[in-house]
There are 2 protein chains.
Amino acid sequence: MAVTIKDIAAAVGVSRGTVDRVINHRGGVSEEVAARVEQAVEEMGYFPNRAGRILAARKKPVTIGCLLPSDKITFFHDVIRGFFRAERELSDFGVSLRLKEVRGYDPEIHLAALRELLAENVSALCVATIETPEITALLNQTAAEGVPVAAINIDLPHVNRLFYIGSNYLAGGRTAGGLLSLMAKGPVSLFVVAGSSNIHSHHLRIEGFAQVMKEKETAYTLVDVQVTQDDSEVAYEATKRVLQEHPEINYIYITTSGSAPGVCRALEELERKKRVTVIAFDDNKENKRLMKEGSIDVLLCQESFRQGYDAINHLFYYLVDGTVPKAEYFTHTVIKIGENL
Amino acid sequence: MAVTIKDIAAAVGVSRGTVDRVINHRGGVSEEVAARVEQAVEEMGYFPNRAGRILAARKKPVTIGCLLPSDKITFFHDVIRGFFRAERELSDFGVSLRLKEVRGYDPEIHLAALRELLAENVSALCVATIETPEITALLNQTAAEGVPVAAINIDLPHVNRLFYIGSNYLAGGRTAGGLLSLMAKGPVSLFVVAGSSNIHSHHLRIEGFAQVMKEKETAYTLVDVQVTQDDSEVAYEATKRVLQEHPEINYIYITTSGSAPGVCRALEELERKKRVTVIAFDDNKENKRLMKEGSIDVLLCQESFRQGYDAINHLFYYLVDGTVPKAEYFTHTVIKIGENL
DNA sequence: TTGAAAGCGATACCAA
DNA sequence: TTGGTATCGCTTTCAA
């Protein structure tokens, strides 16, 4: 049976309260006693028991404030499922969430949402947001006041965040390149559909792709690159036009999940979906459907459920346990084809 | 704040002990009182608190007995890592494991190992074993005595197991077929390296593969099929011979992880590894290395870590909580190429 | 600076 | 058939 605080107290000949004070650095213990306790802790191999800790911690419940730009964006559905699964599993331990969903990336809206969360006196923040001077300052101040901030899906390099959890976008791009290299046995005429030239993550997906194509010396012709701002309608128009101009296109690489439906509709209308191989990102509902219909051939996914689920768990154990998480968790690039969807 | 057993007791006007007896069906409560308690539980939305339960459960620690045919088989390394991670995380809750590792599938050895585990008075079993009349009988008797039995990696259809967790072998085969269909742009001359004709799982990997090749109408020539009994040396000899006889082979499908090193050595020696695309199973240490070296192009993995990790967690929560798991958990078929390994 | 004791939620056992 | 109480390991508060 494991060593408990009681054993330590008995061994050292002090009360459990004193041992607790030493272990959790609450102060108010003479150096001499503290040293003896610490030595006993070391020698006897004491490690605090979570069940006991959690039970005692119920006296002050934990609320985690979450912010996602998820309104109208199906990608975040799985992240949210992860949030709620974690909340449910940890609800016995006193955890509850406050989730704010906003639309898009308007700094004012994000700032207001963050302020609302903080006004509710949350014990931690878990956010996918953007860095503006105001937001960065607010989050850093929050962290400084002892309320940990976690960055999910979108990293915040200038914020003193407890950790980041999300995709490794470069690896995603590299995987796309690797797959295309494996699949490409003949001449490759490639059409790239990009989200936005100034969103860093989308750029990385192209950079990684190009890296691998070069490393593997996979010959290909880059027929066209279209930027869609993640808008399906824009993607549709652009794809239709480009495909009509270029009958030789046989591969399409879509770096942003929201564009896939538009691209596929164009392929369908031109009756070219059998002859073109499509690589896209994220297994949200629409994209799964498109894969089942045979429009998308390969989906590269980023374990979005796990992003939400793990984020909440890391925060909880940090709060209740003091367990410090790693600074960065990169979720895997998961390859899905029709058969293992 | 959530409803506790105390709240129920107060509302009904009985003691906490009585409420506990009703909730856990321990008997010895008058029907009238039981009905009132049950009604209160329903109305007030009571749900037992895990932290409290776990703490109380420490009075009788939980030991889980595990049996794996893992001796000399690197595949099981990750399953074992999953076991120990779960043990570590749950050690605060009084969980410890007894792991017996045996070599191969000798029924006598398995039976003896199971008997040893049971002699140690374990609270549950988690096993990867085979079905013989004796083993099936022993496990069924164990389950009947209230010691739950979980099947991991290898299902035991005739055993009254609490659940099975492991790969869906058919889906694995189907995924292999889907990938080959995507990659095959020209003529396909295929060499299949199988483990054993009478191990059901290996057969399913071939069946699923064939299904998809037919569904997708992917043309291919099956040049040869060799059975290796999962022995790397046998695989080496067979591959060398077949490759020499058939210079046209451009795809190799290896359905059993242990054969991959032998196959790759043959490819290396014949200087054909660049011209042949290799699909294999499981990301154990050797196979990962072979992929990095460029010998294996695609690895189909089965989340072996999760098999071990989840199995222990399901058993624990069943024992302490009464949470009944699903009857079957199929881990995903994870596609790994060099870029997302 | 330290000890003693109550309490978190559930369980188990003894007594009535 | 029931109630009362000690206990699991830890935190927190009140006294000393």
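Please read these numbers as outputs of a predicted model, since none were measured by experiment. Note on naming: letters A, B, ... go to the chains in the order of the sequence lines (proteins, then strands), and numbering restarts at 1 for each one.
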Colleague: How many whole angstroms separate atom CD1 of Ile5(B) from atom P of dA12(C)?
Modeller: 11 Å
Colleague: Quick one: Arg26(B) CZ to dA12(C) C1', roughly how many Å, whole number?
Modeller: 8 Å
Colleague: Assign each of Lys60(A) and Thr4(A) to its nearest nucleotide of DNA chain D by heavy atoms, then name whichever residue's nucleotide is nearer the 5' end.
Modeller: Thr4(A)
Colleague: Please check if atom CD in Glu31(B) has more than 12 non-hydrogen atoms from other residues, nucleotides or ligands closer than 6.0 Å.
Modeller: no
Colleague: Out of the candidates Leu111(A), Thr132(A), Val159(A), only one should pair with Leu138(A) under the side-chain contact (heavy atoms from CB on, under 4.5 Å) rule; please name it.
Modeller: Leu111(A)
Colleague: Output yes when Arg161(B) and Asp155(B) qualify as a salt bridge under the 4.0 Å nitrogen-oxygen rule, no when they do not.
Modeller: yes
Colleague: Under 4.0 Å, heavy atom to any atom of DNA chain C: which of residues 28-45 of chain A qualify?
Modeller: Gly28(A), Val29(A), Ser30(A), Val33(A)
Colleague: Could you check Asn153(A), Asp310(A), Val79(A) and say which one makes a side-chain contact (heavy atoms from CB on, under 4.5 Å) with Ile165(A)?
Modeller: Asp310(A)
Colleague: Should Asn24(A) be listed as having a side-chain N or O under 4.0 Å from OP1 or OP2 of dT11(D)?
Modeller: yes
Colleague: To the nearest Å, how far apart are Ile23(B) CD1 and dT11(C) P?
Modeller: 7 Å
Colleague: I'd like a list of close polar pairs between nucleotides 4-7 of chain C and the protein, N/O only, cut-off under 3.5 Å.
Modeller:
unit_1	atom_1	unit_2	atom_2	d
dG7(C)	N3	Lys59(A)	NZ	3.4

Colleague: Side-chain N or O of Arg53(A) less than 4.0 angstrom from OP1 or OP2 on dT11(D)?
Modeller: yes
Colleague: Can the positive tip of Arg50(B) be found less than 6.0 Å from the middle of the six-membered ring of Tyr317(B), inside 45° of the ring normal?
Modeller: yes
Colleague: Please determine whether the number of non-hydrogen atoms from other residues, nucleotides or ligands lying under 6.0 Å from atom OH of Tyr318(B) exceeds 12.
Modeller: no
Colleague: Rounded to whole Å, how long is the line connecting atom CG of Asp20(A) with atom C1' of dT13(D)?
Modeller: 12 Å
Colleague: Hey, does Gly13(B) reach any base, or is it just sugar-phosphate, or nothing, if we go heavy atoms under 4.0 Å?
Modeller: sugar-phosphate
Colleague: Look at the rings of Phe163(B) and His314(B) and say which category their plane angle falls in: under 30° parallel, 30 to 60° tilted, over 60° perpendicular.
Modeller: perpendicular
Colleague: Whole Å only: how far is the CG atom of Leu55(B) from the C1' atom of dA6(D)?
Modeller: 13 Å
Colleague: Whole angstroms only, please: what is the CG-P distance between Asp92(A) and dG9(C)?
Modeller: 11 Å
Colleague: Would you indicate what Asn49(A) reaches in the nucleic acid, counting non-hydrogen atoms under 4.0 angstrom: base, sugar-phosphate, or nothing?
Modeller: sugar-phosphate
Colleague: Just wondering, do Val37(A) and Val41(A) contact through their side chains at under 4.5 Å, heavy atoms?
Modeller: yes
Colleague: Mind checking whether Arg98(B) and Cys66(B) have side chains closer than 4.5 Å, heavy atoms only?
Modeller: no
Colleague: Using a 4.0 Å heavy-atom cut-off, does Phe93(A) contact any base of the nucleic acid, only the sugar-phosphate backbone, or nothing at all?
Modeller: nothing
